[in-house]
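Naming convention: chains lettered A, B, ... in sequence-line order (proteins, then strands); numbering from 1 in each chain.
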Number of protein chains: 2
Amino acid sequence: MLGRLNHVAIAVPDLAAASAVYRDTLGAKLTEPQALPEHGVTVVFIDTGNTKIELLEPLGEGSPIAAFLEKNPAGGMHHLCYEVEDIIAARDRLKAAGARVLGDGTPKIGAHGKPVLFLHPKDFLGTLVELEQV
Amino acid sequence: MLGRLNHVAIAVPDLAAASAVYRDTLGAKLTEPQALPEHGVTVVFIDTGNTKIELLEPLGEGSPIAAFLEKNPAGGMHHLCYEVEDIIAARDRLKAAGARVLGDGTPKIGAHGKPVLFLHPKDFLGTLVELEQV
């Protein structure tokens, strides 16, 4: 079921400063910042050739990464996103195995315009897992 | 400078249970556990096709992931490993930029038999970064 690692998301308090770390210090290639008000974040993607790093900065009130940044004010790894071929089949298989799918289990449209779901960190080794249908 | 994402490491308290989550619940392919006493960990690799997830369980006294697991008893994302072509050139560039390289700056031989260095999380968005020469 598990496909490619689509991206690793890193939540950061300051997207411009975080972008400078990857661009200037690490010599990476970055996209321009993209505001996603419906997700409460502004994102920058770093292409590592085989996968992507997604830098996330809170946008607006009630950002889903605000609580994480309160606990981790310097930033930190926020979630892993794996690709699946059929997100409904994946959801049903996971629920049958007793894993918790966040929200009401209905996929939302993610940053890449594809259906996504999030899985409970307590069921996945303390890591928040996003599934994206590709 | 920054190359491919070689792996994402997840520290776990129980490697057998963690392996079952990825193998049985997520349907991933795993390697057999490999004890690395010189690194204080036992590892299992998950091949996602484009990169790898490395599950790490403490091995022996003074494991380098013991403190992390005390803070995160259910486990969690521990570090990101990026590939570089020349680890000495990368180290010198990072030090010149003011970034902190852990230890004495001399590369050690990592889990893949290649030279590795670790960078200070406070200089890299709250994420521990490993560089591996490939």
Side-chain angles (χ1 to χ4, degrees), chain A residues 1-15 17-29 46-53 55 68-69 71-80 82-84 90 93-94 96-99 119 121-129 131, chain B residues 1-15 17-29 46-53 55-56 68-69 72-80 82-84 90 93-94 96-99 119 121-129 131:
Chain A
M1 182 181 98
L2 198 74
R4 289 159 46 99
L5 181 73
N6 186 277
H7 62 265
V8 180
I10 301 176
V12 301
D14 180 335
L15 193 57
S19 297
V21 168
Y22 266 84
R23 185 184 58 236
D24 303 335
T25 310
L26 287 169
K29 288 184 187 167
I46 298 155
D47 184 356
T48 67
N50 58 335
T51 185
K52 295 186 289 291
I53 306 296
L55 303 179
F68 179 89
L69 283 167
K71 287 185 202 159
N72 305 276
M77 288 182 271
H78 183 264
H79 68 262
L80 296 178
Y82 295 111
E83 299 176 356
V84 293
R93 172 180 165 152
L94 292 166
L119 311 178
K122 291 203 175 164
D123 294 335
F124 294 93
L125 322 181
T127 66
L128 179 62
V129 172
L131 297 181
Chain B
M1 181 182 98
L2 198 72
R4 290 159 45 100
L5 180 72
N6 186 275
H7 62 265
V8 180
I10 302 176
V12 300
D14 180 335
L15 193 56
S19 296
V21 168
Y22 267 84
R23 186 185 56 235
D24 304 334
T25 310
L26 288 169
K29 287 183 189 168
I46 297 155
D47 183 357
T48 68
N50 58 335
T51 185
K52 294 185 291 290
I53 306 296
L55 303 180
L56 299 173
F68 179 89
L69 284 168
N72 305 276
M77 286 181 273
H78 183 264
H79 67 262
L80 296 178
Y82 295 111
E83 298 176 357
V84 294
R93 171 180 167 154
L94 291 166
L119 310 178
K122 290 203 175 164
D123 294 335
F124 295 93
L125 322 181
T127 66
L128 179 61
V129 172
L131 298 181

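The two residues B:L131 and B:A90 come nearest to each other via the heavy atoms CD1-CB, 4.2 Å.
Atom CG in B:L119 sits 8.0 Å away from atom CG in B:L128 (nearest 0.5 Å).
Here B:N72 pairs with B:F68 under the side-chain contact (heavy atoms from CB on, under 4.5 Å) rule; sequence neighbours left out. With sequence neighbours excluded, no residue forms a side-chain contact (heavy atoms from CB on, under 4.5 Å) with A:K29.
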Under the side chain to side chain contact (heavy atoms under 4.5 Å, CB included) criterion, do B:L56 and B:H79 qualify, and how do the steps go? CA-CA 11 Å; B:L56 299 173; B:H79 67 262; 4.0 Å; yes

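Most heavy-atom pairs under 4.5 Å with chain B, from the set A:A97, A:G3, A:A99, A:G49: that is A:G3. Considering only heavy-atom pairs separated by less than 4.5 Å from chain A, the leading option among B:T51, B:I53, B:L125, B:T127 is B:L125.
The contact between B:D123 and chain A is made entirely by backbone atoms, counting heavy-atom distances below 4.5 Å. Residue contact with chain A, scored on non-hydrogen atoms closer than 4.5 Å, involves the backbone and the side chain of B:R4 alike. For chain B, no part of A:D47 is nearby; none of its heavy atoms comes within less than 4.5 Å.
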Result block: side-chain N/O donor-acceptor pairs under 3.5 angstrom for residues 17-26 of chain B, not counting sequence neighbours:
residue, atom, partner, partner atom, Å
B:S19, OG, B:L15, O, 2.8
B:Y22, OH, A:Y82, OH, 2.8

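Contacts of residues 5-13 of chain A with chain B at a heavy-atom distance below 4.5 Å involve A:L5, A:V8, A:I10, A:V12, listed in sequence order.
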